[in-house]
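For reference, the structure is listed below as structure tokens.
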There are 2 protein chains.
Amino acid sequence: MPTPHYGQPRYRAIADEIKRRIENGVISPGALLPAESALTTEFRTSRGTVRHAIATLREEGAVVTEHGRGTYAAMTNSKDLGTTNARGRIISADAAISNLLGVDLGTPIVEHESVIERDEKPWAIVRVYKVEATD
Amino acid sequence: MPTPHYGQPRYRAIADEIKRRIENGVISPGALLPAESALTTEFRTSRGTVRHAIATLREEGAVVTEHGRGTYAAMTNSKDLGTTNARGRIISADAAISNLLGVDLGTPIVEHESVIERDEKPWAIVRVYKVEATD
DNA sequence: AGAAATTTGTCCGTATGTATC
DNA sequence: AGATACATACGGACAAATTTC
């Protein structure tokens with residue numbers, strides 16, 4: 001039988017389905033996934049394809065596999081902190097900065113500031129100082 | 001013929017060999033790698049194993065593959081900036097920080113500062129400000 | 001413009017090795 | 001020791017993108 005693959009490949013579709021089950025709690029964090037053989041049966045596919053799907057999930061950090069035991073849904077659900085607005089400007093090196101970067105006082109410096117928010121509220125500030133036109 | 005895999009698997013050995021050739025300039029950056037079929041012949045292995053090797057190199061960012069074209073040695077050799085000394089301290093929120101983080105003036109703030117060096121010389125400063133004892 | 005050759009992408013089926021329970 | 005499950009490897013087939021003629 002031929003094996004056409006229109007749109008997304010089967011291994012990707014299977015990976016997405018498994019991922020969906022983890023996110024929806026059908027498979028709880030830390031729980032063992034169905035064995036490759038079971039997934040092979042359910043999705044009517046070959047073991048290679050199932051393994052390919054699981055491999056992609058492993059790269060994404062969604063699951064963890066242990067040799068001889070099985071594949072688990074990952075415990076650590078990395079939380080998205082969301083996008084932040086960053087802003088950059090040119091400033092003049094003050095005493096501290098000129099000292100740290102080894103430049104003269106008043107040297108043009110790029111300041112890049114971004115506020116990290118969490119739960120809609122500011123959580124941390126990151127500032128990067130770099131000499132302009134270096135590199 | 002059986003297919004034992006003592007020590008490191010074949011796909012890993014093949015990946016390392018290709019990687020070595022890239023680092024040694026045998027394959028210059030941006031150059032096309034031998035086709036999968038050629039590698040299959042050279043390493044006396046199956047296409048699947050060659051593809052597995054290339055896949056690992058792709059994950060490591062050592063190569064880039066294009067459908068119908070081939071696999072190239074990566075152009076971007078990420079340079080290691082080395083380790084930097086970072087230091088942290090507790091400061092009191094000044095006007096700018098208290099405003100950005102939405103806290104009162106004088107609130108204890110963790111300041112984490114690190115100087116990124118390049119070619120033995122300071123190159124940039126990163127400062128992170130965060131309210132103490134949050135989280 | 002079109003056909004053929006090349007190359008990577010996907011999928012299948014099978015066999016064997018290795019680790020865990 | 002046996003059962004189960006993942007890891008590696010092989011070979012074949014067809015699809016899709018690119019290049020070449």
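Per chain, numbering begins at 1; letters A, B, ... match sequence-line order.
The shortest distance between the side-chain N/O atoms of B:T65 and the OP1/OP2 oxygens of C:dG9 is not below 4.0 Å. Considering only side-chain N and O atoms, B:T45 lies nowhere under 4.0 angstrom from the phosphate OP1 or OP2 of D:dA9. Side-chain nitrogen and oxygen atoms of A:R47 include none within less than 4.0 Å of the OP1 or OP2 phosphate oxygen of C:dT14. Contact annotation: B:T71 does not reach the phosphate of C:dT7 (side-chain N/O to OP1 or OP2, under 4.0 Å).
Clustering of Ile, Leu, Val, Met, Phe, Trp and Tyr by side-chain heavy atoms under 4.5 Å joins B:Y11 with none of the others. Hydrophobic cluster of A:Y72: the remaining members, joined at side-chain heavy-atom separations below 4.5 Å, are A:L32, listed by chain and number.
Rounded to whole Å, the distance from CD on B:Q8 to C1' on C:dG17 is 16 Å. In this structure, A:L57 places its CG atom 13 Å from P of D:dC6, rounding to the nearest Å. Atom CZ of A:R10 is separated from atom C1' of C:dC11 by 9 Å (rounded to the nearest Å). Between the CZ atom of B:F43 and the P atom of D:dG11 there is a distance of 16 Å, rounded to whole Å. Taking atom CZ on B:R51 and atom C1' on C:dT10, their separation rounds to 8 Å, with Å as the unit. Rounding to whole angstrom units, NE2 of residue B:H52 and C1' of D:dA7 are separated by 9 Å.
Shown here are the side chain to side chain contact (heavy atoms under 4.5 Å, CB included) partners of A:T41, two or more places apart in sequence or in another chain: there are none. B:V126 meets the side chain to side chain contact (heavy atoms under 4.5 Å, CB included) test with A:V126, A:V128, B:I116, B:V128; sequence neighbours excluded. For A:Y129, the ring-ring contact (aromatic ring centres under 6.0 Å, His included) test picks out no residue, with sequence neighbours left out. The side chain to side chain contact (heavy atoms under 4.5 Å, CB included) search around B:E17 returns B:R20, B:R21, B:F43, not counting sequence neighbours. Contacts of B:R12 classified as side chain to side chain contact (heavy atoms under 4.5 Å, CB included), with partners at least two apart in sequence or in another chain: B:Q8, B:P9, B:A15, B:D16, B:T56, B:E60.
Taken residue by residue, residues 11-19 of chain B places no heavy atom nearer than 4.0 Å to DNA chain C. DNA chain D lies under 4.0 Å from no heavy atom of any residue of residues 32-39 of chain B.
The closest side-chain donor-acceptor pair between B:T40 and B:S37, if any, does not fall under 3.5 angstrom. Side-chain polar atoms of B:R58 and B:T65 form a donor-acceptor pair below 3.5 angstrom.
At a threshold of 4.0 angstrom between heavy atoms, the contacts of B:G48 with the nucleic acid are absent.
One donor-acceptor pair, N or O on each side, does fall under 3.5 Å between the base of D:dA16 and the side chain of B:H67.
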